[in-house]
Amino acid sequence: MSQTVKGVIARSKNAEVEVVDIVVPDPGPGEAVVAIEACGVCHTDLHYREGGINDEFPFLLGHEAAGRVEAVGEGVTNVEVGDFVVLNWRAVCGQCRACKKGQPWYCFDTANATQQMTLAEDGTALTPALGIGAFIEKTLVAAGQCTKVEESDAAAVGLLGCGVMAGFGAAVNTGQVTRGESVAVIGCGGVGCAAIAGAKTAGATTIIAVDIDDEKLGNAKAFGATHTINSKKDDAVEKIRELTGGFGADVVVEAVGRPETYEQAFYARDLAGRVVLVGVPTPDVELTLPLLEIFGRGGALKSSWYGDCLPERDFPMLVDLYKQGRFPLEEFITEKIGLDEVEKAFDTMKGGKVLRSVVTL
């Protein structure tokens, strides 16, 4: 039997979000209904509201969430009713060419729920953000989007569903930071700070944070940066080289998504170093680099999708590190809010003064 619950939608481009009644169907084959306990407010949700992803309005926003499985459909074996789970938007298929090549973190056919949640007022089908839609009391997802983890603070571990995983994975999975290496991170919002925390966890000894905001640089130090550079005041490339014996960093993570910061990352790496782009660029920006410089420097220029993570591998590991006190997930939470405060959280996000606002239910 379907349920009617409260959720947050973006009805049209740039319109303020609304809390409305939403009908959630019983789970069908391969699906699960999850009672949401907490969901982070991610910049991607704002992109949806502003029409920056696609125009399939109305959107059910929210995707960075944790909760408890309430019901499962036929054939579901990976989770059971009562399991505490973190939701993910990479439910790997196991059959596509990426999965068959042993690279499931690039899966080209990730699963979403087949049924749709709808507006109670008129039956309009909703498009869930990243196939999840978690600014809601209960959501319908593909069972593969549920990753069972050890019981934990939902507000903290739910952040693994997107931003923290993206940053940690950019350093550890994509950048393959190892002990003793030097790392620079350009852009010290939530994703950048997660990359810094990941580099520290992996054993990097020199971790350089770059931003134009001293408050963000302070956050970066709290997550493990050994040096900070305000690139409004100093040339970031020169300072990174100075802090790495004149060579440049072994790994540079670009967490902004702008041509000018990517160029800084490119020139701030050591010969044969790795540049990792995890900042999401807008469709209109372009980058020009001398081809000879690309050839002459060797190494690797990589992009990182979702931190190249495998949720079933990485989420439980990070929750274990969190519970051991070795990965400070709770420090990413700036404020806890209600469903009716999402629009206000978007305004706060634009001011750049939060790592994460988290909706708790």
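Residue numbers start at 1 and run along the sequence shown.
- Val20 and Phe57 fall within the same hydrophobic cluster, where Ile, Leu, Val, Met, Phe, Trp and Tyr residues are linked whenever their side-chain heavy atoms come under 4.5 Å apart, directly or through other members.
- Salt-bridge annotation for Glu64 and Arg356: present, with a side-chain N of the basic residue lying under 4.0 Å from a carboxylate O of the acidic one.
- Looking at Ser182 and Thr206, their side chains never bring a donor and an acceptor atom within 3.5 Å of each other.
- Scanning all heavy atoms of the two residues, the minimum distance from Pro316 to Lys148 falls at CG-O, 4.0 Å.
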For this session: Applying salt bridge (Lys or Arg N to Asp or Glu O under 4.0 Å), run through Glu343 and Arg49 and close with a yes or a no.
Result: CA-CA 10 Å; Glu343 184 66 34; Arg49 196 206 72 173; 2.5 Å; yes

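- Between Val172 and Val177, the closest side-chain pair of non-hydrogen atoms is not below 4.5 Å.
- Using modelled atom types, no side-chain atom of Arg179 and backbone atom of Ala204 make a donor-acceptor pair closer than 3.5 Å.
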Exercise. Are Phe223 and Lys200 close enough, and set up right, to give a side-chain contact (heavy atoms from CB on, under 4.5 Å), and what steps lead you there?
Worked result: CA-CA 8 Å; Phe223 283 104; Lys200 178 183 178 182; over 6 Å; no

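- For Glu16, the CD atom is loosely surrounded, since the number of other residues' heavy atoms within 6.0 Å does not exceed 12.
- Within the model, atoms OG1 of Thr360 and CD of Glu335 stand 10.5 Å from one another, a figure rounded to the nearest 0.5 Å.
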For this session: Verify side-chain contact (heavy atoms from CB on, under 4.5 Å) between Thr139 and Leu87, making sure each step is shown before the conclusion.
Result: CA-CA 10 Å; Thr139 194; Leu87 298 184; 4.1 Å; yes

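- Counting only distance, with no hydrogens or angles, the side chain of Glu31 and the backbone of Thr114 share a donor-acceptor pair below 3.5 Å.
- Side-chain contact between Val251 and Asp270: absent, with no pair of heavy atoms (C-beta onward) separated by less than 4.5 Å.
- Here the CG atom belonging to Leu321 is positioned 12.5 Å from the NZ atom belonging to Lys323, to the nearest 0.5 angstrom.
- Leu339 is listed as a side-chain neighbour of Lys6, based on a closest heavy-atom distance under 4.5 Å.
- In this structure, the side chain of Glu263 does not engage the main chain of Glu260 through any donor-acceptor pair within 3.5 Å.
- The hydrophobic cluster containing Val92 does not contain Ile132, counting ILVMFWY residues as joined when their side-chain heavy atoms lie under 4.5 angstrom apart, directly or transitively.
- Contact record, Gly161 with Phe315: CA-CZ, 4.2 Å, taken as the closest heavy-atom pair.
- Rounding to the nearest 0.5 angstrom, the gap separating the CG atom in Leu329 from the CZ atom in Phe168 is 10.0 Å.
- For Arg313, the CZ atom sits in a packed shell: over 12 heavy atoms of surrounding residues, nucleotides or ligands are nearer than 6.0 Å.
- Under the 3.5 Å distance criterion, the side-chain polar atoms of Gln324 are left unmatched by any main-chain donor or acceptor of Arg326.
- A donor-acceptor contact closer than 3.5 angstrom is absent between the side chains of Asn230 and Asp213.
- Residues Tyr322 and Leu160 are not in side-chain contact: their nearest non-hydrogen atoms beyond the backbone lie 4.5 Å or more apart.
- Considering Asn88, Asn173, Thr147 in turn, Asn173 is the only one that fulfils the side-chain hydrogen bond (donor to acceptor under 3.5 Å, both in side chains) rule with Asp314.
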For this session: Any chance you could lay out the side-chain contact (heavy atoms from CB on, under 4.5 Å) test for Val358 and Phe332, step after step, and finish with the verdict?
Result: CA-CA 10 Å; Val358 178; Phe332 289 93; over 6 Å; no

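- Contact annotation: the side chain of Lys233 approaches that of Asp214 to within less than 4.5 Å [non-hydrogen atoms, C-beta and beyond].
- Sparse packing is recorded around NZ of Lys344, with 12 or fewer heavy atoms of other residues, nucleotides or ligands lying under 6.0 Å away.
- For the atom pair CG (Leu46) and CG (Asn14), the distance works out to 9.0 Å, reported to the nearest 0.5 Å.
- For the residue pair Gly198 and Ala171, the shortest heavy atom distance occurs at C-CB, 4.5 Å.
- Salt bridge status for Glu70 with Lys138: present, with a side-chain N to carboxylate O gap under 4.0 Å.
- Ala184 and Ile240 get closest at one heavy-atom pair: CB-CD1, 3.8 Å.
- The cationic atom of Arg241 (NZ for Lys, CZ for Arg) does not lie both less than 6.0 Å from the six-membered ring centre of Phe247 and within 45° of the ring axis.
- Here the side chain of Glu254 pairs a donor or acceptor atom with the backbone of Arg258 at under 3.5 angstrom.
- Using a 4.0 Å cut-off between a side-chain N of Lys or Arg and a carboxylate O of Asp or Glu, Lys239 and Asp234 do not qualify as a salt bridge.
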Exercise. Run the side-chain contact (heavy atoms from CB on, under 4.5 Å) check on Ile196 and Cys188 step by step: do they pass?
Worked result: CA-CA 9 Å; Ile196 287 166; Cys188 298; 4.2 Å; yes

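- A salt bridge links Arg11 with Glu121: at least one charged nitrogen is closer than 4.0 Å to a carboxylate oxygen.
- Here the closest non-hydrogen pair linking Val237 and Gln264 is CG2-O, 3.6 Å.
- Side-chain contact, Asn112 with Gln145: a donor N or O sits under 3.5 Å from an acceptor N or O.
- Counting only heavy atoms from C-beta outward, the side chains of Val79 and Val72 approach each other to under 4.5 Å.
- Contact annotation: the side chain of Glu150 never approaches that of Phe84 to less than 4.5 Å [non-hydrogen atoms, C-beta and beyond].
- In this structure, Ser152 OG and Glu37 CD are separated by 10.5 Å, a value rounded to the nearest 0.5 Å.
- Heavy-atom minimum distance, Ala129 versus His63: O-CB, 3.8 Å.
- Paired with Met117 under the rule side chain to side chain contact (heavy atoms under 4.5 Å, CB included), one option of Ile22, Ile9, Val5 passes, and it is Ile22.
- In the hydrophobic clustering of ILVMFWY residues, with side-chain heavy atoms under 4.5 Å counting as a link, Ile53 and Val41 come out together.
- Hydrophobic clustering keeps Val280 apart from Leu287 (ILVMFWY residues linked when any side-chain heavy atoms are closer than 4.5 Å, directly or through intermediates).
- Between Arg274 and Glu181 there is a salt bridge, since at least one side-chain N of the basic residue sits less than 4.0 Å from a carboxylate O of the acidic one.
- Linking Ile, Leu, Val, Met, Phe, Trp and Tyr whenever their side-chain heavy atoms come within less than 4.5 Å leaves Ile208 and Ile212 in two separate clusters.
- In this structure, the side chain of Thr118 does not engage the main chain of Thr124 through any donor-acceptor pair within 3.5 Å.
- By the neighbour-count criterion of 12 heavy atoms within 6.0 Å, atom NZ of Lys336 is sparsely surrounded, having that number or fewer from other residues, nucleotides or ligands.
- For Phe59 and Tyr48, the ring centers sit closer than 6.0 Å to each other.
- Side-chain contact between Phe346 and Asp45: present, with at least one pair of heavy atoms (C-beta onward) separated by less than 4.5 Å.
- Expressed to the nearest 0.5 Å, how far CD of Gln116 lies from CG of Leu60 amounts to 11.5 Å.
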